[in-house]
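Working notes, beginning with the structure itself.
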Amino acid sequence: MAIRSPVVNVMANAALKAARGLLRDFGEVEQLQVSVKGPGEFVSTADLKAEHTLRAELARARPGYGLLFEESGSSEGSDRHHRWIVDPLDGTTNFLHGIPHFAISIALERDGEIVAGAVYEPTRDEMFWAEKGAGAFLNDRRLRVSARRRLDEAVIGTGIPYRDRGDHAIYLATLARVMAATSGVRRLGSAALDLAYVAAGRYDGYWEFATQPWDIAAGILLVREAGGFVSDLAGGQTMLTSGDVLAANGPLHLPLAALLKEAIRTAAPNPA
Ligand code: IPD
Ligand code: CA
Ligand code: CA
């Protein structure tokens, strides 16, 4: 049986409370699909309401902590050591289209290091959580990354850039390499859940460029505490600043990193 620390309980309870509102609103969104105006504005309000609930709950339980929230930005707290990093709705496009795959992501940073994380998927009632040194869990079950060692048997998650986001040519070069080497690529639409799925062994790996800290902070800890590896695409640890992220189980992290590196090298214009 998994024993949650008080701070993980704070995170999980805040997520459960915000999720109740999101689930109600998700039901409405399904109705709004067929209206001429569409659910766009309604979804932005749902997102803001979830953020408001999370802010209130987290601040009530830990009043001095700093905050980094997707919608309302960052604010320093009286406690300079701790900061919440929160995405109230990760997978907004799915939510907007009535696709039941989205999450609330909450990470706790202490002195620049992520020490606790929770990613909650309301439609399946899946609470992924981790605490540094204590392991990663899905509800009460301990998580381990997959044991797959062969790329040709691996299923890899990704995030595909869209509209003017990111460098499409470089992304397509990486996709081409991973497609050719593996058992399949998935784009489910929530970076936080992509990382949680690596932690749960559902995916063998995941990569994406240009994410934001609130997309990945909690998920990075989930993967590490489940025995996996997380780096940027050059093998460094700049994920929270560069936004580039590669997560995988132990045996597949290096081979995937090598594939991606080669793809980026051959796609990028030669600086010489
Ligand atoms: C997005 C999702 C998506 C990822 C994007 C993120 P949002 O977050 O995580 O999977 O590919 O990079 O921006 O906008 O739904 O909170
Ligand atoms: Ca997000
Ligand atoms: Ca979001």
Side-chain angles (χ1 to χ4, degrees), residues 4-25 43-93 95 102-122 127-134 136 159 190-196 208 210-225 230 232 237-245:
R4 292 182 190 170
S5 71
V7 81
V8 171
N9 276 328
V10 165
M11 297 161 81
N13 289 337
L16 287 171
K17 186 159 184 194
R20 284 201 287 278
L22 280 181
L23 270 181
R24 264 197 309 274
D25 290 338
V43 170
S44 335
T45 313
D47 195 336
L48 288 173
K49 274 194 306 194
E51 176 148 323
H52 184 80
T53 304
L54 291 163
R55 268 183 97 95
E57 288 299 305
L58 295 172
R60 190 169 55 81
R62 295 290 186 276
Y65 286 14
L67 306 169
L68 175 59
F69 275 63
E70 178 175 12
E71 306 300 334
S72 50
S74 68
S75 58
E76 274 191 10
S78 54
D79 176 337
R80 296 294 157 92
H81 298 285
H82 293 94
R83 184 166 74 145
W84 298 116
I85 303 177
V86 177
D87 190 340
L89 174 56
D90 187 56
T92 321
T93 308
F95 192 94
F102 52 87
I104 292 166
S105 175
I106 307 174
L108 175 62
E109 190 182 59
R110 179 181 301 137
D111 297 324
E113 186 184 26
I114 307 299
V115 292
V119 174
Y120 182 58
E121 206 295 317
M127 179 74 72
F128 299 90
W129 59 278
E131 202 163 3
K132 191 163 190 296
S190 157
L193 286 171
D194 290 334
L195 286 161
E208 183 163 355
T211 63
Q212 298 293 328
W214 44 82
D215 297 322
I216 59 170
I220 288 173
L221 186 68
L222 284 168
V223 173
R224 292 208 169 120
E225 287 297 319
V230 188
D232 58 29
Q237 290 299 311
T238 69
M239 299 82 72
L240 293 182
T241 46
S242 70
D244 298 345
V245 53

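Worth saying up front: this structure is predicted, and the values here are computed from it rather than measured.
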Verdict with reasoning, Ile220 to Leu222, per side-chain contact (heavy atoms from CB on, under 4.5 Å): CA-CA 5 Å; Ile220 288 173; Leu222 284 168; over 6 Å; no

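- In this model, a donor atom of one side chain and an acceptor atom of the other lie less than 3.5 Å apart for Asp232 and Thr238.
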CA sep, side-chain torsions, deciding dist, call: Leu193, Val119, side-chain contact (heavy atoms from CB on, under 4.5 Å): CA-CA 7 Å; Leu193 286 171; Val119 174; 3.9 Å; yes

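- Contact between Asp47 and Glu71 at its shortest, heavy atoms only, is OD2-OE2, 3.3 Å.
- More than 12 heavy atoms of other residues, nucleotides or ligands lie within 6.0 Å of CD in Gln237, so this atom counts as buried by the packing criterion.
- Between Pro122 and Met127, the closest side-chain pair of non-hydrogen atoms is not below 4.5 Å.
- When the shell of 6.0 Å around NZ of Lys49 is examined, it contains more than 12 heavy atoms from other residues, nucleotides or ligands.
- In this structure, Asp215 and Leu195 have side chains that are not in contact, with every pair of non-hydrogen atoms separated by 4.5 Å or more.
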Salt bridge (charged side-chain N to carboxylate O under 4.0 Å, His left out) evaluation trace for Glu113 with Lys132: CA-CA 10 Å; Glu113 186 184 26; Lys132 191 163 190 296; 3.4 Å; yes

Audit row: Tyr120, Met11, side-chain contact (heavy atoms from CB on, under 4.5 Å) steps and yes/no: CA-CA 10 Å; Tyr120 182 58; Met11 297 161 81; over 6 Å; no

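- Counting heavy atoms from C-beta outward, Asp244 and Met239 have side chains that stay 4.5 Å or more apart.
- The aromatic rings of His82 and Tyr65 lie parallel to each other, their planes meeting at an angle below 30°, with 60° marking the opposite boundary.
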